[in-house]
Every structure is written in structure tokens, then in C-alpha cells.
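Just dropping this structure here.
None of the values given here were measured: they were computed from a predicted structure.
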Amino acid sequence: MKNVDSNNIKLLNQFTNIQIELLSDVTLENSFDVSEIQTIAGVDLAYWDVNKTTYGTCCIVMIDYYTKEVVEKVYSYGEINVPYISGFLAFRELPLVLEAAKKLSNEPDLYMFDGNGYLHYRHMGIATHASMYLKKPTIGVAKSYLKIENVDFTMPENEVGSYNDILIHGDVYGRTLRTSHHVKPIFVSCGNWIDLDTSTEIVMNCINQESRLPIPIRLADLETHRVRKQLFK
């Protein structure tokens, strides 16, 4: 809670208690048959400021898991009332995520978030937190590393698919995964109702030559740039 205004301490204590309470509903085991996955939805958010007011948009892009073709795209947007505070990102982003998800014509089999899941100070990154409301298995895929307990990650070998687990006090928080040669790794963690090996398998099955990021995340990221530009105008 460093650099947090004293007026917000009570609120952040409340947020922390909510995260701790939700943790009892986290299961790092598959609640589904992997062979039955048909669609995956990528989720990303973007922000911009107008006259000292922060706005955000959440974009969800659903793809066919086998053909990788886009099935559906939706977005939501609105004013952001919760400030950015490391470790409490879900409270800032969740309202827009849920609003966008309601617009989907069909429910995806799995959600993939641009952000962390179990790889979080209290194992409650956006991918894990959102699963409680989306009621679907989730995976967290982060582009940068969230350092916890002063533990650094170990760089995987420069081979596609190589990885190293992120172990903190004997607990596997996530995985550093190399998805392409000679590019930075990504950081994969379980969201909920899925195990880490399956999360890794699904992420790797969504990688192509265009990016180190899985297709649903990359497309959602591109969509946030398009929508933000459109709305900002």
C-alpha cells in the first residue's frame, strides 16, 4: 500500500479481505475436458484521460480454438473511479470486464486475460478474481513480471515452449514461458478451475508467428487500441 492516500487505507483493507475470502474458491485443477474446448475469449483493457478524468475500455475477442478465426468482438467503456494500485487491479477493471462479457452472444469455454491470475501477492490477479463472476475457467498471461517477495524469475532456454516455474516459498505461482525464439518470455498463471500444465498447453496452442502473445490476447490488445482511438475522438 505504498504511496496510497491515508483516506484509502480503509478501502484497501476491505479489498484485501475480499481477496482473501475469494481465495477459498480457487481451484488449480481442470474443471473441464480439454478436448471439448471450442472457443476462447481474450480480454484486455486500455485507459485514457480527459480533463483529469480517467476512462477505460474493455475489449473481448472470442476465437475458435481450432481455426483461430474470430467468432465475436465486444467492448465496454466508462469512467474509472478506482485508482491504479498494484495488487488491486481487479477492483479497477472488473466492472468493465463484466459489462463487456454480458454483450457476448455466446459464452466462451475459457477466458484468457492480459494480466496475472495466481501469480499475485494474494493469488488474486484479475484472471482469478474475474473467474468468480464469469463462472468459467480462466488463464492469466502477463507481458511483464510481477515481483513478489523479492523473488526473481529464471529465464527459460531460448527454445520455443521452454519454461521455468516461478516458485515462492515452496508454492508455484506461475510459469515463465518462451513462446518464440529470441524474444522476451511471457508469464503464465492459472486463473481458476484449470491447472498450470493445461494453461501452458492452451497458450502455446494459441501462438503463431505474428507475436509472442497468444492470439486471443493479441487481438484483444489490438482492439483496445482501435476502440480507445475511436472513443477518444
Side-chain angles (χ1 to χ4, degrees), residues 30-46 57-76 93 96-97 100-117 119 125-128 130-131 134-144 156 158-163 174-230:
N30 295 343
S31 64
F32 58 95
D33 186 335
V34 178
S35 66
E36 295 181 355
I37 294 178
Q38 297 294 325
T39 55
I40 296 179
V43 186
D44 194 17
L45 288 92
T57 179
C58 172
C59 295
I60 301 178
V61 179
M62 189 191 307
I63 69 166
D64 184 291
Y65 183 48
Y66 295 98
T67 68
K68 307 303 186 291
E69 296 295 322
V70 174
V71 175
E72 188 175 3
K73 296 190 292 186
V74 296
Y75 72 88
S76 64
E93 298 188 339
L96 288 179
V97 172
K102 289 178 182 178
K103 296 181 179 182
L104 289 169
S105 300
N106 299 286
E107 290 188 353
D109 296 313
L110 182 146
Y111 284 88
M112 189 179 291
F113 283 80
D114 186 341
N116 291 304
L119 180 55
I126 180 63
T128 304
S131 71
L134 297 171
K135 305 300 181 183
K136 292 289 182 178
T138 56
I139 300 172
V141 180
K143 296 186 286 288
S144 58
N158 190 23
E159 296 292 337
V160 174
S162 63
Y163 62 83
R175 183 167 284 175
T176 308
L177 176 65
R178 181 86 67 181
T179 58
S180 302
H181 288 106
H182 308 298
V183 297
K184 294 179 180 179
I186 59 175
F187 302 90
V188 177
S189 58
C190 304
N192 201 6
W193 301 308
I194 191 169
D195 64 42
L196 190 53
D197 286 339
T198 304
S199 298
T200 303
E201 176 188 345
I202 291 173
V203 167
M204 287 303 303
N205 284 340
C206 290
I207 297 294
N208 61 17
Q209 298 300 315
E210 297 181 23
S211 174
R212 67 183 172 125
L213 298 173
I215 294 169
I217 295 295
R218 181 174 60 83
L219 294 180
D221 176 70
L222 292 173
E223 191 69 4
T224 60
H225 290 291
R226 185 191 69 79
V227 172
R228 178 173 59 183
K229 183 177 180 181
Q230 172 187 318

**Q.** Neighbour count above 12 (heavy atom, 6.0 Å) for K143 NZ
**A.**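 Result for NZ/K143: enclosed.
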(Q) Would the distance check show the side chain of S76 and the main-chain N or O of L96 forming a donor-acceptor pair, the cut-off being under 3.5 Å? (A)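 Side chain of S76 to backbone of L96: a pair is present.
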Q. Closest approach of M204 and T179, non-hydrogen atoms and distance?
A.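 In terms of heavy atoms, the two residues are closest at SD-CG2, 3.9 Å.
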Q: Decide yes or no for L110 and K136: does some side-chain heavy atom of the first lie under 4.5 Å from some side-chain heavy atom of the second?
A: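 With C-beta onward as the side chain, the pair stays apart.
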**Q.** A101 versus Y111, closest heavy-atom pair with distance
**A.**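 Heavy-atom minimum between the residues: CB-OH, 3.8 Å.
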Q) Atom CD in E210, atom CD1 in I215: separation rounded to 0.5 Å? A)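 If we round to the nearest 0.5 Å, E210:CD and I215:CD1 are 7.5 Å apart.
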Q.
If you define the side chain from C-beta out and look only at heavy atoms, does anything of R175 sit under 4.5 Å from D197?
A.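 Answer yes - side chains close enough.
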Q: Identify the two heavy atoms, one from P108 and one from T39, that lie closest to each other, and give their separation to 0.1 Å.
A: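 Taking every non-hydrogen atom into account, CA-OG1, 3.3 Å.
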(Q) Taking the side chain as everything from C-beta on, heavy atoms only, tell me whether L219 gets closer than 4.5 Å to K73. (A)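 No. Closest side-chain heavy atoms not under 4.5 Å.
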Q.
Any side-chain to backbone donor/acceptor pair from K103 onto Y75? Under 3.5 Å, distance only.
A.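 Answer holds: yes.
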Q: Check for a donor-acceptor pair, side chain of T176 on one end and backbone N or O of F187 on the other, with a separation under 3.5 Å.
A: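 No; zero donor-acceptor contacts below 3.5 Å.
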**Q.** Considering all heavy atoms, the nearest P185-R212 contact
**A.**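 Smallest heavy-atom distance, with atoms named: O-NH1, 2.9 Å.
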(Q) How long is the straight-line distance from CD1 of I207 back to CD1 of I186, given to the nearest 0.5 Å? (A)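 Separation between the atoms: 5.0 Å.
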**Q.** Minimum side-chain heavy-atom gap L196-C190 below 4.5 Å
**A.**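 Counting from C-beta outward, L196 and C190 do come under 4.5 Å.
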**Q.** Between CE on residue M112 and CD1 on residue I63, distance to nearest 0.5 Å
**A.**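 Spacing of CE (M112) from CD1 (I63) equals 7.5 Å.
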Q.
Given 3.5 Å as the limit, does a donor-acceptor pair link the side chain of N116 with the main chain of G140, or not?
A.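 Absent.
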Q.
Just to verify, which of T198, I217, I202 counts as forming a side-chain contact (heavy atoms from CB on, under 4.5 Å) with I139?
A.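 Of the listed options, the one satisfying the test is I202.
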Q) Would you find a donor on one side and an acceptor on the other, under 3.5 Å apart, between the side chain of E72 and the backbone of S105? A)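 Yes, E72 side chain to S105 backbone: donor-acceptor pair under 3.5 Å.
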Q.
Would the distance check show the side chain of T138 and the main-chain N or O of A127 forming a donor-acceptor pair, the cut-off being under 3.5 Å?
A.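 Here the side-chain-to-backbone pair exists.
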Q. Which value, rounded to the nearest 0.5 Å, describes the distance between C59 atom SG and R228 atom CZ?
A.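 One gets 10.0 Å once the value is rounded to the nearest 0.5 Å.
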Q. Just wondering, do F32 and D109 contact through their side chains at under 4.5 Å, heavy atoms?
A.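 A side-chain contact is absent here, since even the closest heavy-atom pair is not under 4.5 Å.
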Q) So which of N208, V188, V141, N205 actually passes side-chain contact (heavy atoms from CB on, under 4.5 Å) with P214? A)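 Only one option passes, and that is V141.
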Q: Check for a donor-acceptor pair, side chain of S131 on one end and backbone N or O of P137 on the other, with a separation under 3.5 Å.
A: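 Pair absent, no side-chain N/O of S131 close to backbone of P137.
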Q. Knowing that exactly one of D44, V97, L45 qualifies, which makes a side-chain contact (heavy atoms from CB on, under 4.5 Å) with F113?
A.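 So, applying the side-chain contact (heavy atoms from CB on, under 4.5 Å) to F113 and each of D44, V97, L45, only V97 qualifies.
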Q. Do you know the tightest heavy-atom contact between N158 and R178?
A.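 What the structure gives for the nearest pair is CA-NE, 3.8 Å.
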Q | Distance in Å, K135 NZ paired with W193 CH2, rounded so as to fall on 0.5 Å steps | A |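 It comes to 5.5 Å.
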Q) Once you round to the nearest 0.5 Å, how far does CD of E201 lie from SG of C206? A)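 E201 CD to C206 SG: 10.5 Å, rounded to 0.5 Å.
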Q | Where A41 and I60 come nearest, the two heavy atoms and their spacing | A |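 Taking every non-hydrogen atom into account, CB-CG2, 3.7 Å.
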